[in-house]
Amino acid sequence: MLKAGAIAVALLAAVQAALGLPVAVAAAERDFEYQLKAEFVERFTRFVDWPESASGERDEGPFVIGVMGDSPIAAQLAQIVAQRKIKGREGRLLQVTDLEQVTQCDLLFIAASAADQLAAILSRTENQAILTVADSEGFGGRGVLINLYREGEYLRFEINRSAVEKSGLRFSSNLLRLARLVE
Amino acid sequence: MKDLSIRDKLLLVILGTTIVALLLGFAVMIWYNVRTFRREMVADALVRAQVVGGYTLSELAFGDAAEATRTLGKLRSIPDLERASLYDREGKLFAAFSRSPGEPEQLPFDSAGFAFDGDILHVVQPIVSENERYGTLHLCTSTRALTATTQRYLTVVLALSAGLIGLAVVAAVRLQGVISKPVLRLAEAARRVSQDGDFSARVAKQGDDEVGALCNAWNEMLGQIQQRQEEQALAEAALRRSEERFRGIIERSNDAIYVLRGEGQFSYVNPKFEELLEVTLEEATAPDFDNLRIVTPESRELIRDQRARRSRGEQTESRYEFKCVSRSGRVFDFEVNTTDIEWGNEPVRMGIMRDITARKMAERRLQEQQHQLGEHARQVERYALVLERSNRELDQFAYVVSHDLRAPLRAISNLSSWIESDLGNGLTPEIREQMDLLRRRVRRMESLINGILEYSRIGRVRAIVEEVAVADLIAEVVEDLAPPPGFSIRTVGEMPVLHTDKVRLAQVFANLIGNAVKHHPRSSGRVEISARDIEDAVEFAVRDDGAGIAPEHHERIFAIFETLKSRDELESTGVGLAIVKRIVEDRGGVLAVESDVGEGATFYFSWPKAVPGDSGAESPGRRE
């Protein structure tokens, strides 16, 4: 978290340039960071295909985005699912408090605060068609499918390919092309 | 164009048609192909924009400009792609590729589409993912390749056109001969006919097409012309011969023949003319020859009049007579027959003068004789009138005498009766017998007078003409006669129906039948009446089986007052047959008898079927 203020300013500019999101002048730079991260999460769903599972209820029912641990992203994601459909389905945000809830999610954001529970979470999501996303350094190597990270003034992401293969989710090559791949 | 040879016209037509069709075809082909090229190019560019747009979607989505620039950089391998620009959703340039350095262009338009701008094809492709537009791709493609392709294509097509036109020229030059050669040969033949007058020129026929038919017609026409020329030559020769013959006839003619020009000037006289009038051809045709000199003074007026009328344009007699006088003073009668003819293309009047002097003389002599004959005829007519008048007077006399004689006879008869009754019983048988004799003689005298009256009346009384059925007429007559019962009187064969004078015919039959009965030696006998057609008359025969008449008496019986027997033997006046004869002869008929002693007698008479002339025709003595 070096030169956090400078990064925040750069991010703001980047967000403004790349996404054209409306920016409240008075909003904290952290909000912009998470706004961007939430946007990235939504956009990942556009480049990932969930397999046709045996239980049809996943296709019919709402697209469940779970948030594990405390993160400002939850508010941003809540705003997005309220406004847009995800994969053609109603979106629903689920604040995961119980590990058992993990398997109800189609997409699970694992906040940095849940780092000590990571192994338990991943043991539940392993081999499941659950897109796990995190924004903590090293999470990618530990088995989270997509892990966001900062590179200079840009927000980047890494993808754990072996975990992706095990999950059964199909990642677009365009997504893979932009990612830093980890094992 | 009009004056070009048919060969050049054909070439022009063939080549014109071919080239127009070829160029039109190629133009359509070029237009179509160039359009197709452009369409393909546009389609390529659109596909390319879609593909590139798909690739750059994630870069735009995740704001990875560097990756986007790299992706666009790969477009370098497409030679015609001049520039590719990627704009974010704000319209800001996100990434770009440019083959040549320069400022990036602005988006020409915002929506998806394409546009040609000079030698650049602009394609704009919005980059969208499920209702989210992340940006816009703008591709600029050079149309140089299209231009080059089009040019190459045009070059090939034009070369092909030139080649085909060349082929068409060669083919046309060769093929036009098929049509133009016979036509040109025909034209050459026509030139030979019109310039050289060579009608024997013929054109060899090539085929059975229209030109072939034309050649045939041409040959046939020439044949006809040639034949006509030959015929004309023959006709002219015939005409010349005919003219020679004509001249020969004129020169040898026994008639004097002349030819007069309009103003009455001789242009020709024939040898006979020269001989008769003693004028030579040279003299007669000399301009100062006065042709009235050969006309006698009495005919000059006629000739002058003719000439004057002709000069006024009036028609004159083509045939007339006049007198001429020769140089030596001989006078001729001529009958001239004139006719208007052409003499060496000049309208002239030809006259043929026949010498009728001898005929005229004969005519004059005949006229004199006729005159004398007329005198004789008039004399005879005068005699006939005198004779007729004396006849009529005789008839009148007989009538008056017999009429006047009847009154004293009647008186004698009556007186004798009165004397007889006055005497009463004092009559001696001798006196009574003589009184009877007296009255008989008086009666005979009376019937004699009646006969004369009857006879004279034949010439005086007008006949009434009507339909007469002869069979009925005879029946009436027989009934009136009331013959003794021993007599058979009948008709044999058909009896005609005549339109004639009934009373007279009845009189004839009554006399003949009455005679047959009266003179019959026996108290019974047979009388037969028959009829026979002889042209316009009917011949009746009345046959009896009586005593007959000796041939030496045949003449006598028809004379008046003649009877063959003594008056005392038979009460007969001797008038009957005379009356019959007169009636029959008055109608132009003939009465005859055929008989011998002991043979019976047959009287024949002919009676006209119709009354000669008018219905009221009578004998010449028509009197009241």
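All values reported here derive from a predicted model rather than from experimental measurement. Each chain gets a letter, A, B and so on, in the order its sequence line appears, and its residues count up from 1.
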Quick check: are there more than 12 heavy atoms from other residues, nucleotides or ligands sitting under 6.0 Å from [atom1] of [X]?
{"X": "B:Arg133", "atom1": "CZ", "value": "yes"}
{"X": "A:Phe171", "atom1": "CZ", "value": "yes"}
{"X": "B:Phe97", "atom1": "CZ", "value": "yes"}
{"X": "B:Glu188", "atom1": "CD", "value": "yes"}
{"X": "B:Arg7", "atom1": "CZ", "value": "no"}
{"X": "A:Arg142", "atom1": "CZ", "value": "yes"}
{"X": "B:Arg99", "atom1": "CZ", "value": "yes"}

Steps toward side-chain contact (heavy atoms from CB on, under 4.5 Å) verdict (B:Glu132, A:Arg46)
CA-CA 10 Å; B:Glu132 280 286 311; A:Arg46 292 172 185 259; 2.9 Å; yes
Should B:Glu59 and A:Arg177 count as an ion pair when the cut-off is N to O under 4.0 Å?
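Answer for the salt bridge query: yes.
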Less than 4.0 Å between a side-chain N and a carboxylate O, is that true for B:Asp64 and A:Arg156?
yes
For A:Phe157, which atoms come within 4.5 Å of any heavy atom of chain B: side chain, backbone, both, or neither?
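Side chain only.
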Roughly how far, to the nearest 0.5 Å, is the CD atom of B:Glu130 from the CD1 atom of A:Ile86?
9.5 Å
For the pair A:Phe47 and B:Phe62, name the ring-plane relationship: parallel under 30°, tilted 30 to 60°, perpendicular over 60°.
tilted
Testing the basics here: between A:Asn174 and B:Ser58, what is the closest heavy-atom pair and its distance to 0.1 Å?
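Scanning both residues completely, I find the closest heavy atoms to be CB-OG, 3.2 Å.
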Output the residues of residues 67-78 of chain B for which the shortest heavy-atom distance to chain A is under 4.5 Å, in residue-number order; output 'none' if no such residue exists.
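Counting heavy atoms that sit under 4.5 Å from chain A, the residues of residues 67-78 of chain B involved are B:Glu67, B:Thr71.
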Side chain to side chain donor-acceptor pair (under 3.5 Å) pairs, two or more places apart, involving residues 68-83 of chain A
none
